[in-house]
Amino acid sequence: MKNFKNSFFYVGVLGVAFAAMYWTVQNGKILEDGRHIVLPNSGNSQWQEFLASLIHNLTHPLAILLAQIVTIVFVARLFGELCKKIGQPMVIGEILAGIVLGPSLVGTYFPEFSNLLFPEASLGNLQFLSQIGLILFMFVVGMELDLKVLQNKAKEAVVISHASIVIPFTLGMVLAYFIYTQFAPDGVEFLSFALFTGIAMSITAFPVLARIVQERGLHRTKLGAMVITCAAADDITAWCILAAVIAIVKAGSFLSSLYIIALAIIYVILMLKVVRPFLKRIGELYTSKESITKSVVAIFFLTLLISSYATEVIGIHALFGAFMAGAIMPDNMRFRNIFIEKVEDVSQVMLLPLFFVFTGLRTQIGLLDDPYLWKICGLIVLVAVVGKFVGSTITARFVGQNWRDSLMIGALMNTRGLMELVVLNIGYDLGVLKPEIFAMMVIMALATTLMTGPALDLINYIFKTKDEIIPAEISQVSKYKVLVSFDTPEEGKGLLRLANTFVKKMKKNAMVTAMHIPSSNEVHPFNVEEFEEQCFKPVLAESKELKQKVTTLFKTSTDVDSDIIEVSNKGEFDLVLVALGQSIFEGTLLGKILGFTTRIINPENLLNKFTGKEKLFENSPFDERTEQILAKTEVPVGVLVNKNFEKADRVFVTLFDDSDAFLIEYAQKLIANVESQVTVLDVVGNIKNNATIKEGIRAIEQQAPNHIKLLNERKIEKNFLQDQDLMIISVDSWKKLVESRSTWLNNTPSLLILKP
């Protein structure tokens, strides 16, 4: 009755509203009398009017900008992921995406498409939006710098850092002397050209370097700390020099630039002595994500915008103000990370690719149409490598580092990446760099960043010392070793409770290792130790409650699956425990749709599809990561489907096949360590026919006769399953259960799915 009233009221309201609108429109026509009404496209047919309207909408500036953003983000992400898969930083792929979409490739071979997507009139909007992305990015870079590290830096780090600026800067100015006549724009002083060439040679991409150090597990080593300190000091020094260079170029002479530099010094003093204490006070009052209100967020973003505006007005570029605003943020890394999370996704995923493509639109590699120009380009790359790589290496060796570490420092400091593009675009905007030299410098930025990874691998190969992921205290022991690999602390607690049931009474004869390997994209370089502490804190608290000693293993990675497999195999663990990464009912239509969509948009699968290496786990009850671990791990693996697992007092073991005989060994361990009551289901008579199973059961009956019970019934009561704490089943038998859509799937307790 109530639904009928609601429907009647709804229809009535609509009817009255339409009637009122119809009356208004009909009577409104009378008001047109005496007016000259002009209808758009009145001479065209309705179809022509529709097409004209559609074309107008497609060419509207907002529509063009949105189309540009969609194209840029997709292509940049695709190239970035592909580069990541071959061991290169994502920034390389994003820069390449920009060059591909620019006149160097698409503009040359598909000019109509290029003119349609990137018309000249739209480039101004694209540039301003990309500059906003850069401002946000530089804000993040400033926040990721730990000024405490610089205050406590070692003397040798200062020497290396300054040498890595001075040597390439000097070589850059010398290079400018030889190429000024041919490549400097008309009307540009030699000093301006030489200073920009010098700064382009001496910049280091601190964010890219920090990621490489983190991904290779160097952040906890003395070498990692040294190179991070050098890069941080290098970054601050280079940006201060860049600000001075911009001031000199804009002022036109060194003497006139002193006024700009003086204003810049006043600005820096105000930021450090007035604004920083104010922000620190706010940071002390609001320390958690829950307590930070929108008003507090607004204060910090206003600080960013006002700082950027001030440096732009002074004449040293808005990016320096953004960098400074990030550097003076409260020292609390947790507080900084809240803002990094708010800013980073938007700036790096959507806005920064716009900058890469805008740079690509300016980069005309086709201008280098003469062998002589390519020789000059090679000379620029050579000078850049000699200045940074050789200069840093020799300095590091001079201050007492061994040859391996010295070469590693040189290779890392030679990384230029995005920071180089920022410098080059500033020089281009100021009219200091011609399109030809700009293209050569972009190629140099790509080359020096590309060579970092291979150079580090070559150095490790030459010196035969690879940084091992597995500590000696794990790899060299001969105990019964269990590895617990978790993604979240809650997963880790459940897996640790399970591991404890297998080794509780073994004490010194067993070793449990808890491992967390997050993607390097999830962790900021200066926040690694705090992130590690927060991840392991609940797990270590659980270990104390269980009185189970635990060894921890932590590493950030660009390929989490491969590292888990490598640790499992090289550590020679007796059992590896992981948690199931998705629903066990992946066979549903929704699961197939979601799985298919994920595989389609994954660039690795796209690449594999074209190379014939595609491997889709369509019929697997496991997620792709778990399937990879099960397929490639050479040691026993247990997959836990956790349904509030707390203890293993009552355990149900299923024997569906002769190959399931190995499960009896785990039943023995549970009985020996936590006195589990084990029920063994033997549907097809494996116990009678299999000597291994028979001997295992007999051994249990002799040692603990009251702790094992045999069943051979095909139908298991629902209540029986629900009363169990844990069900143990082999991987093969579990797959068969899922394929047969067994009713057990809805009633099982926590599951341990084992692979021998």
Side-chain angles (χ1 to χ4, degrees), residues 68 71-73 75-76 78-80 82-83 88-111 113-115 117-120 122-131 133-134 137 179 182-185 193 196-197 199-201 203 205 208 319 351-381 383-384 415-451:
Q68 289 171 343
T71 305
I72 289 167
V73 171
V75 176
L78 179 64
F79 275 67
L82 289 174
C83 277
Q88 289 291 344
M90 285 188 68
V91 68
I92 290 292
E94 291 167 339
I95 295 171
L96 286 173
I99 293 173
V100 166
L101 289 173
S104 299
L105 190 66
V106 172
T108 300
Y109 296 101
F110 307 98
F113 174 77
S114 183
N115 292 332
L117 187 60
F118 299 107
E120 187 126 4
S122 72
L123 297 185
N125 295 333
L126 194 63
Q127 182 181 17
F128 284 123
L129 199 55
S130 71
Q131 289 297 311
L134 272 183
F137 175 75
I179 65 174
Q182 290 178 286
F183 295 102
F193 183 75
F196 254 99
T197 306
I199 197 69
M201 294 294 163
I203 203 78
V208 178
L319 296 181
L351 297 179
L352 264 187
L354 305 186
F355 171 73
F356 292 129
V357 171
F358 186 74
T359 302
L361 293 172
R362 288 176 159 181
T363 305
Q364 302 177 54
I365 296 177
L367 292 175
L368 309 183
D369 55 359
D370 188 278
Y372 173 74
L373 295 177
W374 281 104
K375 288 179 183 177
I376 297 297
C377 183
L379 179 63
I380 289 172
V381 174
V383 171
T415 305
R416 285 176 173 82
L418 170 63
M419 309 306 286
E420 177 74 11
L421 297 190
V422 173
V423 172
L424 296 179
N425 274 276
I426 292 173
Y428 192 96
D429 290 332
L430 292 174
V432 177
L433 301 176
K434 288 174 70 174
E436 292 89 349
I437 204 75
F438 180 81
M440 293 176 189
M441 292 286 192
V442 170
I443 292 171
M444 179 269 287
L446 273 171
T448 53
T449 309
L450 271 168
M451 68 174 62

- Message: Would you compute the distance between atom CZ of F183 and atom CG of L373 and round it to the nearest 0.5 angstrom?
- Response: 5.0 Å
- Say you draw a straight line from CG of L319 to CG of L134; how long is it, rounded to the nearest 0.5 Å? 5.5 Å
- Message: Once rounded to the nearest 0.5 Å, what's the spacing between atom CZ of F128 and atom CG of L123?
- Response: 11.5 Å
- Query: Where the side chain of S130 meets the backbone of Q127, is there a donor-acceptor pair that is under 3.5 Å apart?
  - Reply: yes
- Applying side-chain contact (heavy atoms from CB on, under 4.5 Å), run through M441 and R416 and close with a yes or a no. CA-CA 11 Å; M441 292 286 192; R416 285 176 173 82; over 6 Å; no
- Side-chain contact, heavy-atom cut-off 4.5 Å: L126 with F118? yes
- Note on the structure: CD1 (I376) and CG (D370) are apart, to the nearest 0.5 Å, by 10.0 Å
- For G102 and L361 the tightest heavy-atom approach is CA-CD2, 3.7 Å
- Task: Kindly indicate whether the side chain of Q182, heavy atoms from C-beta on, has any atom under 4.5 Å from the side chain of E436.
- Result: no
- Task: Compare every heavy atom of E420 with every heavy atom of A200, then report the nearest pair and how far apart it is.
- Result: O-OE1, 2.6 Å
- Less than 4.5 Å apart, any side-chain heavy atom of V422 and any of F355? yes
- Query: Within a strict 4.5 Å, meaning less than it, do heavy atoms of the F193 and T197 side chains meet?
  - Reply: yes
- Item | Criterion side-chain contact (heavy atoms from CB on, under 4.5 Å) on I99 and L446, from CA distance to verdict | CA-CA 11 Å; I99 293 173; L446 273 171; 3.5 Å; yes
- Task: For residues Q68 and P119, report the shortest heavy-atom separation together with the two atoms involved.
- Result: NE2-CD, 4.2 Å
- Query: Counting only N and O atoms by type, is there a donor-acceptor contact under 3.5 Å from the side chain of S114 to the main-chain atoms of P103?
  - Reply: no
- Item | Residue pair I95 / F79, side-chain heavy-atom distance below 4.5 Å | no
- Hey, does I443 have a side-chain heavy atom less than 4.5 Å from the side chain of L368? yes
- Query: Hey, what do you get for CG (L424) to CG (L433), rounding to the nearest 0.5 Å?
  - Reply: 6.5 Å
- Message: Assess the residue pair I365 and V442 against the criterion (side-chain contact (heavy atoms from CB on, under 4.5 Å)); give the C-alpha distance rounded to whole Å, side-chain angles, the decisive distance to 0.1 Å, and a yes or no.
- Response: CA-CA 9 Å; I365 296 177; V442 170; over 6 Å; no
- Message: Give me the atom names and distance for the closest heavy-atom approach of A76 to A97.
- Response: CA-CB, 3.7 Å
- Decide yes or no for V75 and V100: does some side-chain heavy atom of the first lie under 4.5 Å from some side-chain heavy atom of the second? no
- Note on the structure: For Q88 and T449, the nearest pair of non-hydrogen atoms, with its separation, is OE1-O, 4.0 Å
- Determine, step by step, whether F438 and T359 satisfy the side-chain contact (heavy atoms from CB on, under 4.5 Å) criterion, reporting the C-alpha distance in whole Å, the side-chain angles of both residues, the deciding distance to 0.1 Å, and the verdict. CA-CA 10 Å; F438 180 81; T359 302; 3.8 Å; yes
- Message: I'd like to check F196 versus V423 (side-chain heavy atoms, cut-off strictly below 4.5 Å). Are they in contact?
- Response: yes
- Item | Non-hydrogen atoms of L96 and C83 that approach each other most closely | CD1-SG, 4.3 Å
- Separation between CG (L450) and OG1 (T415), nearest 0.5 Å, reads 10.5 Å
